[in-house]
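Report on the following structure.
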There are 2 protein chains.
Amino acid sequence: MAVPSLAPATPAASPLFLREHEVRRGVELLFFGYTRLTRSIDEGLAEHGLGRAHHRALYFIARQPDLTISELLKILAITKQSLGRVLNDLSARNLVETRSGSADRRQKLLRLTGEGKTFEAQLFEALRTSLATAYAAAGQESVTGFWRVLEGLIPAEDRAMVAALQKDI
Amino acid sequence: MAVPSLAPATPAASPLFLREHEVRRGVELLFFGYTRLTRSIDEGLAEHGLGRAHHRALYFIARQPDLTISELLKILAITKQSLGRVLNDLSARNLVETRSGSADRRQKLLRLTGEGKTFEAQLFEALRTSLATAYAAAGQESVTGFWRVLEGLIPAEDRAMVAALQKDI
DNA sequence: AGAGATGGGACAGCCATATTGACGTATCTT
DNA sequence: AAGATACGTCAATATGGCTGTCCCATCTCT
């Protein structure tokens with residue numbers, strides 16, 4: 001189980017998990033990694049006059065077609081009003097469409113239009129490039145560890161929601 | 001040092017690093033992990049009438065005492081005006097103080113006051129709890145992988161800056 | 001059939017955080 | 001003395017959140 005020589009700047013974690021230094025390191029890497037990744041798609045969004053909030057909605061609708069409004073609200077953890085504005089923008093640009101639910105006609109099922117799918121796929125390419133590069137540099141066992149730690153950061157009550165996203169690949 | 005049985009929900013990464021599913025999984029876990037971690041300190045911040053932007057400044061000043069304004073600007077990657085407001089708020093609450101640089105008197109060296117240190121430490125406890133729990137559940141090798149992948153997400157030109165934070169532990 | 005719960009939409013108003021561009025002052029470098 | 005740099009500040013603007021309230025359509029339960 002040799003440490004790959006690809007990432008020599010990273011010494012292995014010490015057995016003392018609770019030391020401040022290791023916690024700070026995680027905080028910092030998460031901050032920089034997350035913010036830099038999100039910035040990688042800003043340009044593509046700006047071309048359409050959209051922001052990151054729009055991308056988050058697009059992303060999760062792409063991931064789970066026929067998602068309902070309330071399911072999306074749980075995922076994003078924002079208010080109905082905030083989401084409403086975002087979805088109106090996306091509908092106005094013909095990126096998202098809704099139908100009413102067949103079982104429960106009060107529900108609105110969200111889907112990307114063809115145009116929306118194309119746009120989401122284009123944004124996703126930037127994410128894919130960044131993450132694939134990082135995965136390749138870190139090595140396979142590192143990716144598994146990356147996932148495991150992040151899962152542990154998600155509160156137990158939210159984990160089922162995240163797992164559901166990844167069920168129907 | 002067996003992988004603890006705490007995280008059985010995570011199968012190992014496939015060797016095919018570039019598959020869409022694995023990229024989407026990383027995107028989602030990063031989103032949920034990052035947003036949930038940041039939310040864990042909102043309450044403490046709100047007690048002082050501060051927001052996340054204030055915490056980011058506090059955090060990095062705590063981490064690198066005598067940081068200059070321009071160094072902090074590079075770390076946060078926001079504009080001078082945005083940072084200015086944040087620092088004014090922190091000074092007004094007596095959490096941050098400045099002295100002018102000894103070598104270059106144009107510079108302002110940022111430091112936490114005693115009060116600022118106490119407050120930052122209090123906020124840090126919430127981060128420590130979350131991350132330490134996730135680290136412990138994932139196991140030591142996972143933590144190393146978590147760091148390696150995140151490092152790969154940071155653009156090369158920013159890596160020296162991040163490494164500098166972690167040099168003087 | 002009627003009552004209440006639920007899914008969703010919309011009003012008004014507010015706040016936090018970011019942006020650009022221009023300009024000013026003190027200080028350092030050459 | 002001239003120019004570059006570090007920092008501060010003006011004004012205007014955008015984004016993305018929030019609360020509170022009220023409404024309508026539809027489903028569920030009695």
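The chains referred to below are lettered A, B, ... by the order of the sequence lines, with proteins before strands, and numbering in each begins at 1.
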Q: Say whether A:Thr35 and A:Thr38, considering side chains only, have a donor N or O and an acceptor N or O under 3.5 Å apart.
A: no
Q. Does B:Thr68 have a side-chain nitrogen or oxygen under 4.0 Å from the phosphate oxygens OP1 or OP2 of D:dA6?
A. no
Q. Nearest-Å distance, CG (B:Leu50) to P (C:dC15)?
A. 16 Å
Q. Could one point to a donor on the side chain of A:Lys80 or the base of C:dG8 with an acceptor on the other under 3.5 Å away?
A. yes
Q. Using a cut-off of 4.0 Å on non-hydrogen atoms, how would the nucleic acid contact of B:Arg85 be classed: base, sugar-phosphate, or nothing?
A. base
Q: Please state how far atom CG in A:Leu83 lies from atom P in D:dG16, giving the value in whole angstrom units.
A: 12 Å
Q: Figure out the CG/C1' separation between A:Leu90 and D:dG16, and round it to whole Å.
A: 14 Å
Q.
Check this for me, if you would: do A:Glu120 and B:Arg24 make a salt bridge, where the nitrogen-to-carboxylate-oxygen distance has to be below 4.0 angstrom?
A. yes
Q) Base, sugar-phosphate, or nothing for B:Ser82, non-hydrogen atoms under 4.0 angstrom? A) base
**Q.** Whole-Å gap separating C1' (C:dT29) and CD (B:Gln107)
**A.** 14 Å
Q.
Check this for me: does any side-chain nitrogen of one of B:Arg128 and B:Glu125 sit under 4.0 Å from a carboxylate oxygen of the other?
A. yes
**Q.** Close side-chain approach of B:Glu28 and A:Leu150, heavy atoms under 4.5 Å
**A.** no
(Q) I want to verify a distance call: between D:dC7, C:dT17, C:dG9, whose nearest atom is closest to the B:Ser70 side chain? (A) D:dC7
Q | Residue met sooner reading DNA chain D from 5', once A:Arg105 and B:Gly84 are mapped to nucleotides | A | B:Gly84
Q. Do the side-chain N or O atoms of B:His54 get closer than 4.0 angstrom to the phosphate oxygens (OP1, OP2) of C:dT17?
A. yes
(Q) Would the base of C:dG13 count as contacting A:Gln81 through its side chain, where contact means a donor and an acceptor less than 3.5 Å apart? (A) no
**Q.** Side chain of A:Arg106 - closest among D:dG20, C:dT6, C:dT17
**A.** C:dT6
(Q) Between A:Arg25 and B:Glu151 (salt bridge meaning N to carboxylate O under 4.0 Å), is one present in this structure? (A) yes
Q.
From CD1 of B:Ile69 over to C1' of C:dA26, roughly how many Å is that when rounded to an integer?
A. 15 Å
**Q.** Residue-phosphate contact under 4.0 Å: B:Thr79 side-chain N/O, C:dA18 OP1/OP2
**A.** no
(Q) Using whole Å, what does the distance between atom C1' of nucleotide D:dT15 and atom CZ of A:Arg39 come to? (A) 15 Å
Q: Nearest whole angstrom, please: distance from the C1' of D:dG8 to the CG of B:Asn88.
A: 9 Å
Q. Atom CG of B:Asp42 to atom P of C:dA16: distance rounded to whole Å?
A. 13 Å
